[in-house]
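The next block holds one structure in the form of structure tokens; read it before the comments.
Reminder, nothing fancy here: chain letters follow the sequence lines and each chain counts from 1.
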Amino acid sequence: MSTETPLDLKKTVNLPKTAFSQKANLAQSEPARLEKWSRLDLYRLIRRAGEGRPKFILHDGPPYANADIHFGTAMNKILKDLVVRSRTMMGYDSPYVPGYDCHGLPIETHVEKALEKKGKKKSDLNLETFRRICREHAENALKSQTRDFKRLGILGEWDDPYLTMSNHYEAETARMFARFVERGWVYKGARPVYWCIKDQTALAEAEVEYHQHTSPSVYVKFPLQSDPAAIDPALAGRKVFVLIWTTTPWTLPANLGIAVHPDFEYSAFEYGDEVYIVASELVESVAAKCGLDAAPKVLARFPGSKLDRLECRHAWLDRTSLLMVGEHVTLGGEADAETELDVSEAQKKSDSKAGTGCVHTAPGHGHDDFVIGKRYGLEIYCPVDNAGRFTPEVEHFAGQRVFDANDLIVEFMRERGVLLFSERYEHRYPHCWRCKNPVIFRATPQWFIAMDQAHRDLVEKDEDGRDRTNFTDNPSETGSLRSAALEQIERVNWIPAWGVDRMRNMLKGRPDWCVSRQRVWGVSIPVFYCAKCTEAVADPAVIHHVADIFERESGDAWYTHSAQELLPEGYTCKGCGAQEWTKESDILDVWFDSGVSSIAVLENREELRWPADVYLEGGDQFRGWFNSSLMVGIAAHDRAPYNTVITHGWTLDAQGRAMHKSAGNAVEPEKVIKQSGAETIRLWCVSSNYFDDMRGSDEILQRVTDGYRKLRNTARFALGNLDGFDPARDSVPVEEMEEIDRWALAELNRVTKEVLAAYEAYEFHNVYRALYNFATVTLSARYFDIIKDRLYTFAPRNKARRSAQTVLLQIGDALARLLGPILVFTADEIWENLPNRTEPSIHLALFPTANDERHEALFAEWDRLFAIRDDVLRALEEARVAKQIGSSLEAKLTLGASGDALALLQKHQKDLRYLFIVSQIELGEAKGAGVSITISVADGKKCERCWNYSKRVGESDVYPTVCERCVAALAEIEQE
RNA sequence: CGCGGUGUAGUCCAACGGCAAGACGCUCGACUGAUAAUCGAGAAACGCAGGUUCAACUCCUGCCGCCGCGACCA
């Protein structure tokens, strides 16, 4: 049917049209979409859709329920969300139960500070009340975090997360402690902690502040008891002394050993009729300091390892001091924890080297001392009481306060002739944050989980903080926690692969796990002491009885009930038959809490299962949660609780520095969300490789926003050109498509394959790179640009146009699905604007499938064509610079080629004008290897409708301003 | 100081031992039918020093920088 009146030309051009706006307006649209998902109950719908599918369990490491989330927390949760969502779209049933770590010191500290602001003190409250306030604080914090996580688009069981402070969890924590007891891995021993002698309390590192402090610095002689000839024949028969240095003379009565570095070289040098051993590097500085010979005569040189397990006598006590080798020894000075700071300071002061390379070791008074002492089976000896006074057994100094004793000991040593030199030494020293007095390191009774052996006695006898346990240094001992852990980690898939090395290294070197804390806000150690004979009862049956009470009343029961009420009725002491009991006052390390999660959560929820497929946390968790979870998994089931462990890096600022609120370089998630939406943070997470540290700043996020816009516009172009396309009616079979459309589909297949593989390997940055590259290069710069003419100017129902649309639909569909886990909001929006959607949300859909066709010939041909196109574009640019043309449609292209190139161009001759986006092509044979390109001004006039140039513009009477192609198109349109 | 990681244009990052890719940004330009878009052209990089090799961004050693862990922080 032909109409009399000509059509309005502009209206016959099929310009893109879609409800998918160019401007995302994410800050507003995201909350609206979250609201919609909430109404749909999307998480529940996904669970229902996943019924019967194979399960994939990512187990959430609980963030600490204290402050608001920061950028790193956001990244951690988003990465987990990416795993869960991608596995869901791969066809797994992948439920996500988030958790919160609710106990611990930071909350106690926070609550204490809040109380102080109100003029109250912790001691004004009873412990139940204090715990109640802690609980409330955790509840508030986790509510606020939950709100933030949901806002980030994290999908999960937010209505019912797991809390380490829930009744059930606290009960399970107690039960797991019983499990460790059952396996014979729990014992009570001693361990040095920071101790304030004024407040008579243990202090956390967080409660310690460093101030300048003046201590006596002393060099002391320890006579060698072993035969010096064993070190070097030159020393045979000599009076040999090992020289130590310390700034805490009061710890000398507790000296049980001397540590040297196995690889350092030590020297024995002569002074009078005596011989002194110090590190070779320090011989001169020690000699100078102590006023010995300026050029001491060295009798022997030997590695520290030569001294291993030789014995000295204590400087004045009738006791052995064992020589040990340890990597912690430095040439800067003593390595007591109290003086660790001195070491770095002393090393900087090159003019005044302190120390001898032989480290005075008192296992009851220093961290490194404790560790090495344990390794060598030394007693954790601490003859100092709560008030900081020497116990009666300390000869000469019993009852003295340790700081007063310093000078007395120095004088005493001087009189005895064992002191070589002393001076006043100013250094940074830990002080109590409350009373501002200097603190000491002091061994106190603690509960441990043994790494290396099963203890015959459930609870090791312990008097006055002494550890009587044998410590074996044999990790291969079967049945030990350490050996089982070392074996299990080899079966775990670590991503990146170096994780296993790090874990192995950590496990090999770690001391027994100290699980007791002298704190309030946590799960009590469910142990009772007989009031008569002080027998400790750590009985699994009793603990289970207590756990059942926790299950009903929460762990608060430990504080609200008496020991008798918590024990089974009529429980009597096996030792003395008494029935009066006291309760242990320590709580469990919060790492024990969170380590229990795989048991408390995975085994207790219908939809989950043990072990987990994946744990995904930052690298700080090797010593933390990965470790504690492993310990618990082995205690419970002799197996790691995870099959795969993925580690992510740290969030840094643009300069690669750690983000700190105080440094002012922290990027706040809330602010970013407000400005450019959660989608920006999500996209940032995949914009670089999370296995390494990730950098974030306003500028970097701006780049990410630009990337987002590019993706959005690409999707928008596809959607806009699908206006009026009915897939059922208009789709064109692949065989009947234009060749470039088939090429685009092959490219889509290729990128789909790549993206699916990247998701499979958790390499989300490769997902992003592949999709981004596809969107910008393959689609935006090439395919879309080329098919515009066909889409816009051909009759709407023209088969060639429908061919392109068929491809665009597949592209839009695949983009939405493949971006689904990342751009959760935008992908859903794309999905809504596609004509073929089946599910109500993209998040109920699955990933597209890729076929195995290689399309090698097709790719080879089009790669060649696009290479020629690059040359053509360069030539067109030159013509543009020469003011010959503006738009490329103003050009006529003359191509000359020979051989294969000519054949290729001839084969696609019909398509070349579209491929190069010019109005006319002249193709001829030319000599030479490459393709010769000549640009000239196109012939004829510009067609008003399609903007191509043609000599035939004006041929039509009805449409005098239009070219022959448009005349045909208009005829087609008129027929419709 | 130990253990582990990491270092490529201004930025984010890629490359079986074989011409150092892509993107953002920048400079210049085109278009005004993806338009607070789109398209094109251009300038711009392997932390340092050795070693292995015909050949090293890649492998090895050392140094330097940065990050994490080494805490009753979590």
Side-chain angles (χ1 to χ4, degrees), chain A residues 10 13-16 18 22-23 61-64 66 101 104-106 109 191 193-194 202-208 327-332 335 337 340 343-344 347 367 446 496 498-499 501-503 505-506 509-510 514 516-519 522 586-587 589-591 594 618-625 647 649-650 652 654-658 684 687-689 691-695 697 699-700 702-707 709-710 713-714 716-721 765-766 769 772-773 776-777 780-781 784-785 788 791-793 870 873-874 876-878 880-881 885-889 917 946-947:
Chain A
K10 188 78 178 174
V13 181
N14 314 303
L15 296 180
T18 174
Q22 181 173 48
K23 198 160 185 276
Y64 195 64
N66 188 15
D101 197 0
L105 179 70
T109 309
R191 172 192 165 105
V193 296
Y194 283 112
L203 296 172
E205 173 76 20
E207 297 170 324
V208 163
E327 308 275 335
H328 66 288
V329 174
T330 67
L331 293 175
E340 261 163 26
V343 175
S344 49
Q347 279 166 343
H367 181 256
Q446 304 288 343
W498 49 257
D501 297 329
R502 186 159 169 192
M503 200 70 186
N505 216 291
M506 192 276 299
R510 68 158 296 169
C514 179
S516 51
R517 298 289 185 271
Q518 291 71 52
R519 291 283 146 191
D586 289 1
I587 61 166
D589 178 11
V590 289
W591 285 114
S594 57
D620 54 334
Q621 299 301 331
F622 279 100
R623 275 166 195 277
W625 194 55
T647 326
W650 225 240
L652 310 174
Q655 280 72 47
R657 304 192 177 262
W684 172 80
S687 68
S688 55
N689 186 345
F691 300 140
D692 297 337
D693 293 340
M694 305 260 289
R695 293 176 183 213
S697 69
E699 194 201 352
I700 289 167
Q702 187 52 49
R703 308 269 179 277
V704 173
T705 309
D706 294 338
R709 274 214 308 272
K710 188 74 195 185
N713 279 324
T714 306
R716 183 164 183 268
F717 181 85
L719 294 173
N721 286 291
H765 61 293
N766 282 334
R769 274 193 328 104
Y772 186 77
N773 204 46
T776 51
V777 179
S780 192
F784 287 178
D785 217 26
K788 271 180 199 166
L791 289 167
Y792 294 171
T793 68
D870 287 342
L873 292 177
R874 210 164 293 122
L876 286 169
E877 186 61 25
E878 279 165 24
R880 209 170 276 133
V881 171
I885 57 162
S887 159
S888 62
L889 286 175
I917 319 184
C946 73
W947 298 347

Touch class at under 4.0 angstrom, heavy-atom based, for A:Tyr772 against every strand present = sugar-phosphate
task = Give A:Val881 one of three labels, base, sugar-phosphate or nothing, depending on what nucleic acid heavy atoms sit under 4.0 Å from its own.
result = nothing
query = Just how far, in rounded Å, is C1' of B:rG10 from CZ of A:Arg695?
reply = 13 Å
ask   = Between A:Arg709 and B:rC24, is there a side-chain N or O to OP1/OP2 distance below 4.0 Å?
value = no
query = Phosphate oxygens OP1/OP2 of B:rC13: is one of them under 4.0 Å from a side-chain N or O of A:Ser688?
reply = yes
query = Base, sugar-phosphate, or nothing for A:Ser888, non-hydrogen atoms under 4.0 angstrom?
reply = nothing
request  = Measure from CD on A:Gln621 to P on B:rG5 and round the result to the nearest Å.
outcome  = 18 Å
task = Answer with yes or no whether A:Lys10 presents, from its side chain, a donor or acceptor under 3.5 Å of a partner atom in the base of B:rG33.
result = yes
query = For B:rC39, does OP1 or OP2 lie under 4.0 Å from any side-chain N or O of A:Ser780?
reply = yes
message = What's A:Arg703 touching, base or sugar-phosphate or nothing? Going by heavy atoms closer than 4.0 Å.
response = base
query = So what does A:Asp706 hit on the nucleic acid, given a heavy-atom distance under 4.0 Å: a base, only sugar-phosphate, or nothing?
reply = sugar-phosphate
request  = Give a yes/no answer on whether the side chain of A:Lys710 brings an N or O atom under 4.0 Å of OP1 or OP2 in B:rU38.
outcome  = yes
inquiry  = What is the distance, to the nearest angstrom, from the CH2 atom on A:Trp650 to the P atom on B:rG70?
reply    = 10 Å
